[in-house]
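Counting convention: from 1, in listed order, for ligands and their atoms alike.
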Amino acid sequence: MTHNPLIPQSKLPNLGTTIFTQMSALAIKHQAINLSQGFPDFDGPRYLQERLAHHVAAGANQYAPMTGVQALRDAIAEKTGALYGYTPDANSDITVTAGATEALYAAITALVRPGDEVICFDPSYDSYAPAVELSGGVLKRIALQPPHFRVNWAAFRALLSDKTRLVILNTPHNPSATVWHTADFASLWQAIAEREIYVLSDEVYEHICFDPQGHASVLAHPQLRERAIAVSSFGKTYHMTGWKVGYCIAPAAISAELRKVHQYLTFAVNTPAQLALADMLRAQPEHYRHLPTFYRERRDLFIEALRESRLEILPCEGTYFFLADYSAISDKDDVSFCQWLTTEVGVAAIPLSVFCADPFPHKLIRLCFAKQESTLLAAAERLRQL
Ligand SMILES: Cc1ncc(COP(=O)(O)O)c(C=O)c1O
């Protein structure tokens with residue numbers, strides 16, 4: 001008797017391996033300098049690592065509370081109050097998650113029902129769409145245009161319907177490196193105030209913001225925060241993307257629903273890492289305060305090193321990425337250009353079109369500058385040859 005292996009009918013038939021994994025694999029194969037995937041090639045703070053070792057040795061190795069360890073939620077509440085003028089309740093409003101990715105998934109799963117419409121802004125981070133699709137939601141995308149990628153609020157209002165349930169935004173924005181201003185949140189509030197629409201604000205780069213006015217958080221808007229989930233990531237803030245610890249802040253009623261998902265998705269997050277992060281937040285707040293300067297220096301060094309190249313660098317207001325226009329160098333589409341750049345030039349980048357559902361005619365690539373100076377200078381030397 002022959003056994004036919006069972007092949008499930010895919011719930012996400014249009015998804016393959018992400019471009020980030022593909023480009024990183026190609027970079028390794030061709031020994032290219034990897035400026036594609038967004039992770040630092042330097043280590044996080046020593047103190048944080050020491051505190052992790054301390055808590056492991058001290059026996060903090062069993063399950064954490066479902067919502068996160070108390071010391072960490074308390075430290076997050078305090079920090080949020082100091083930064084955004086609003087102190088969430090550490091017990092009812094803050095949930096520690098397995099990276100921002102889990103928070104985004106839990107939020108979308110908790111709020112979106114079959115047939116609900118969800119608005120997002122393209123180019124958009126790649127984890128939103130599959131979560132909406134798995135919940136049976138319908139994604140409505142607003143295409144933002146280079147070089148400034150600002151929201152057209154008339155177009156936004158025209159997209160609202162009785163079925164709109166959730167708006168997903170991201171500031172500072174990966175991949176365009178633009179930021180929302182207080183005025184954008186005011187426009188969002190004006191548009192949705194009379195409707196039952198929730199806001200998912202992906203703010204994982206909140207501490208990597210170069211705008212003179214600083215990061216505008218949804219949490220600083222008194223009305224919007226009553227219906228918002230703000231998502232943060234310690235991976236970005238402490239150069240430790242592999243730790244996968246993040247958190248989200250939302251009013252108690254929304255958090256209660258989100259926690260029902262979180263409870264059966266991961267239940268709880270790595271205990272010693274949470275304790276170490278709590279120590280770090282309290283002992284060295286200057287770490288995140290210095291991050292804009294830390295990354296601005298890297299950004300400026302890289303841009304300066306590329307000045308003689310034929311790449312045109314777009315404005316960078318936040319995140320550790322910027323966009324570069326390569327139309328003076330090649331007619332290739334962006335995916336082919338990035339493959340060629342990796343295999344022939346030895347620098348891996350991400351094509352912008354992969355963040356967009358509609359065809360994206362621009363010749364733009366995303367470069368990550370969360371790298372050591374030597375890495376950035378070596379990459380710039382190769383890019384200047386083009
Ligand atoms: C915009 C955005 N949101 C969420 C994430 C995921 O963060 P985490 O690694 O904490 O899951 C990333 C990571 O690159 C990101 O760029």
Of all residues at least two apart in sequence or in a different chain, which pass the side-chain hydrogen bond (donor to acceptor under 3.5 Å, both in side chains) check with [X]?
| X | answer |
| --- | --- |
| Gln213 | none |
| Arg51 | Asp279 |
| Asp41 | Thr375 |

*According to the interplanar angle, ranging from 0 to 90°, do the rings of His239 and Tyr295 count as parallel (below 30°), tilted (30 to 60°) or perpendicular (above 60°)?*
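Aromatic pair His239/Tyr295 classed perpendicular.
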
*Is atom CD of Glu373 surrounded by more than 12 heavy atoms (other residues, nucleotides or ligands) closer than 6.0 Å?*
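No - once you tally the heavy atoms of other residues, nucleotides and ligands closer than 6.0 Å, there are 12 at most.
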
_Could you check whether Phe302 and Phe322 have their ring centres less than 6.0 Å apart?_
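That pair passes the under 6.0 Å test.
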
_Every residue of the protein that comes under 4.0 Å of ligand 1, judged on heavy atoms_ =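 Contacts of ligand 1 under 4.0 Å: Gly99, Ala100, Thr101, Leu104, Tyr125, Asn170, Asn174, Asp202, Val204, Tyr205, Ser233, Lys236, Lys244.
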
